[in-house]
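A short write-up of the structure that comes next.
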Amino acid sequence: MSRNIAALLILILVNLGNPVAAAPSQDQCEACHKDPHFYVQNRKLYVYYQDWLDSPHAASGLACSNCHGGDSGSSDIEVAHTGVLDLRDTDHMLFYRNQPETCGACHAEKAAQFKTSKHYAALLSDTVAPTCTTCHRAMNRRPYYRDILVDACATCHKEDDAENIPLITNQVKEYLQRLNIAKGYLGWTTVHYESLGWPGGSKCEVDAIRKKYEDAVTRVHSFNLAKMDESSTEILSELKLIFQKIWDERNKKEPANQRD
Ligand code: HEC
Ligand code: HEC
Ligand code: HEC
Ligand code: HEC
Ligand code: HEC
């Protein structure tokens, strides 16, 4: 009998100490940080948490500790915060120079492209240059709208800086615009074929073009203007062709329907 109790105790203790036992829903960082009282007690915490709430990261179940460190299994503030560093600490996972590694743990291809860019080189040589969150913001609530990005570029790429930093905002605006339009066509094409139950080889065709679109977005991170121009032109013209094909098929059908 006493043996059974001892075994039970051991079981409980083992589970308490085992990080695997802490399911994502028991993440203590979030459990504490979501407290609405912070609206009054610590407005900054409240604002950051709200920003986090409808981010793609929250939606895909990331933990605060993925980017901030700390012990997400503890509800004790001291214990939980052990390892949560000050953002200015050069060892912080989110210190601007370390972000390509931290974010790149999950966004490997973007980080790899980014590391080929002049931005990364500048970052390493302590020149003022953008890192991941300069363009995507902290908690990623509004990560990549074209106008926000172009505004972000303009903070450094100003006309009067033309000597030091190449003037690129107008060109980039055009390339990002192409990607935006391509995204629109891609969405429309997907919805169209889905509504028809994916006839013929349409599923493969759409999957392939989506992959190409994603590659074009990934390649943006090299910030090589010629490459951006090339890949955004290519993806947009391919999607326009598909769109045209669908349009022609529809028009072929419609006059026949009208005659009935
Ligand atoms: C029991 C409540 C509680 C838990 C658990 C908790 N925090 Fe906090 N956190 C706070 C409070 C309160 C603050 C405000 C500053 C302070 O009092 O230390 C804060 C501040 C922070 C800050 C900002 C630090 C700054 O300098 O402003 C970060 C980042 C943070 N927490 C991350 C985390 C992470 C990551 C975890 C889990 C590993 C976590 N917290 C767990 C209550 C908590
Ligand atoms: C994808 C990475 C990522 C995740 C996951 C993440 N954060 Fe952050 N967080 C950041 C970045 C980057 C900053 C700094 C940006 C800035 O200065 O505004 C930041 C800043 C903060 C700050 C302000 C810290 C300071 O010293 O100014 C708080 C508080 C915070 N985060 C809390 C949280 C909490 C709570 C969670 C989980 C619910 C969380 N974060 C999840 C990336 C992340
Ligand atoms: C632990 C893994 C992980 C880390 C670390 C991480 N992310 Fe993410 N990120 C994801 C997942 C999962 C998604 C949602 C699925 C997707 O779109 O890839 C996502 C989505 C995004 C998106 C939106 C993509 C979209 O399709 O809408 C951006 C932008 C982004 N992350 C940037 C960052 C930045 C910047 C950092 C570093 C501060 C970071 N991520 C750190 C896993 C991570
Ligand atoms: C100088 C600005 C800039 C920097 C720095 C930057 N990005 Fe991006 N990022 C962009 C642009 C522009 C896009 C494409 C937006 C679009 O048209 O969809 C993008 C797209 C993304 C996406 C995909 C979003 C989607 O729509 O699918 C992810 C994820 C991402 N970036 C992660 C990162 C990571 C990780 C880093 C750091 C290694 C980083 N970015 C650095 C500008 C930047
Ligand atoms: C924080 C400052 C900063 C921001 C923000 C910034 N850049 Fe840069 N950019 C630089 C620096 C520094 C260089 C490197 C200049 C050099 O080495 O010649 C650079 C170089 C470039 C180059 C390389 C041009 C060439 O000669 O190959 C391109 C393209 C570029 N940036 C595009 C962008 C875009 C697009 C954005 C916004 C999405 C952006 N930059 C945001 C600082 C910035």
Side-chain angles (χ1 to χ4, degrees), residues 53-62 103-104 106-117 119 130 132 135-137 139-154 157 168-260:
L53 264 186
D54 57 0
S55 72
H57 287 138
S60 39
L62 244 68
C103 313
C106 300
H107 302 287
E109 289 179 17
K110 267 117 194 155
Q113 286 287 323
F114 183 69
K115 285 181 177 175
T116 69
S117 71
H119 284 153
C132 308
C135 299
H136 294 297
R137 301 203 175 181
M139 314 294 274
N140 288 315
R141 188 171 174 189
R142 295 143 296 207
Y144 45 75
Y145 293 121
R146 183 176 56 96
D147 290 341
I148 293 175
L149 278 169
V150 170
D151 283 352
C153 316
H157 295 281
I168 47 91
T169 40
N170 283 335
Q171 288 170 67
V172 167
K173 212 171 187 163
E174 197 184 320
Y175 309 153
L176 291 181
Q177 176 76 0
R178 285 181 202 149
L179 287 177
N180 257 10
I181 299 173
K183 193 176 189 173
Y185 277 123
L186 185 61
W188 190 88
T189 306
T190 308
V191 168
H192 172 76
Y193 280 131
E194 210 165 37
S195 72
L196 297 178
W198 298 105
S202 58
K203 186 83 174 75
C204 283
E205 192 182 23
V206 171
D207 283 351
I209 198 85
R210 173 170 296 110
K211 173 86 179 63
K212 265 198 167 177
Y213 167 78
E214 281 164 7
D215 283 350
V217 170
T218 295
R219 257 174 291 161
V220 163
H221 291 83
S222 68
F223 294 96
N224 176 316
L225 291 178
K227 275 197 207 160
M228 282 171 94
D229 188 13
E230 194 189 300
S231 51
S232 60
T233 305
E234 201 183 301
I235 188 72
L236 184 55
S237 53
E238 283 189 31
L239 274 159
K240 275 184 174 163
L241 281 180
I242 297 182
F243 182 80
Q244 190 62 47
K245 193 177 76 182
I246 295 175
W247 195 249
D248 290 346
E249 279 166 8
R250 275 191 152 188
N251 284 349
K252 250 189 267 160
K253 279 184 202 152
E254 264 168 24
N257 288 342
Q258 275 161 15
R259 260 182 264 127
D260 283 345

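The chain is numbered in sequence order, starting from 1.
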Check: L186 and I235 side chains under 4.5 Å, non-hydrogen atoms: no
Quick one: pull up CD in E174 and CG in L179 and give me the separation to the nearest 0.5 Å. 11.5 Å
Show me, pair by pair, the donor-acceptor contacts under 3.5 angstrom made by side chains of residues 108-116, not counting sequence neighbours?
{"unit_1": "K115", "atom_1": "NZ", "unit_2": "E101", "atom_2": "OE2", "d": "2.5"}
{"unit_1": "T116", "atom_1": "OG1", "unit_2": "Q113", "atom_2": "O", "d": "2.6"}

Gap separating the OG atom of S232 from the CG atom of N180, nearest 0.5 angstrom: 11.0 Å
Look up atom CE in M228 and atom CZ in R178, then write down how far apart they are to the nearest 0.5 Å. 10.0 Å
Sequence neighbours left out, what pairs pass ring-ring contact (aromatic ring centres under 6.0 Å, His included) with at least one residue falling in residues 208-237? H119-F223
Results of side chain to side chain donor-acceptor pair (under 3.5 Å) for D215 - residues two or more places apart only: K211
Can you tell me how far apart OH (Y185) and CD1 (I246) are? Round to the nearest 0.5 Å. 11.0 Å
Please collect all side chain to side chain donor-acceptor pair (under 3.5 Å) contacts where either partner lies in residues 186-198, sequence neighbours excluded, each pair once. T190-R210
Shortest non-hydrogen separation from Y175 to D229 and the atoms involved: CE2-OD1, 3.5 Å
Atom pairs and distances, side-chain donor-acceptor, residues 236-245, under 3.5 Å, sequence neighbours left out:
{"unit_1": "S237", "atom_1": "OG", "unit_2": "T233", "atom_2": "O", "d": "3.0"}
{"unit_1": "S237", "atom_1": "OG", "unit_2": "E234", "atom_2": "O", "d": "3.1"}
{"unit_1": "E238", "atom_1": "OE1", "unit_2": "K212", "atom_2": "NZ", "d": "3.3"}
{"unit_1": "E238", "atom_1": "OE2", "unit_2": "K212", "atom_2": "NZ", "d": "2.6"}
{"unit_1": "Q244", "atom_1": "NE2", "unit_2": "D248", "atom_2": "OD1", "d": "3.2"}
{"unit_1": "K245", "atom_1": "NZ", "unit_2": "E205", "atom_2": "OE1", "d": "3.3"}
{"unit_1": "K245", "atom_1": "NZ", "unit_2": "E205", "atom_2": "OE2", "d": "3.1"}

Using the side chain to side chain donor-acceptor pair (under 3.5 Å) criterion, which residues pair with K227? Sequence neighbours excluded. none
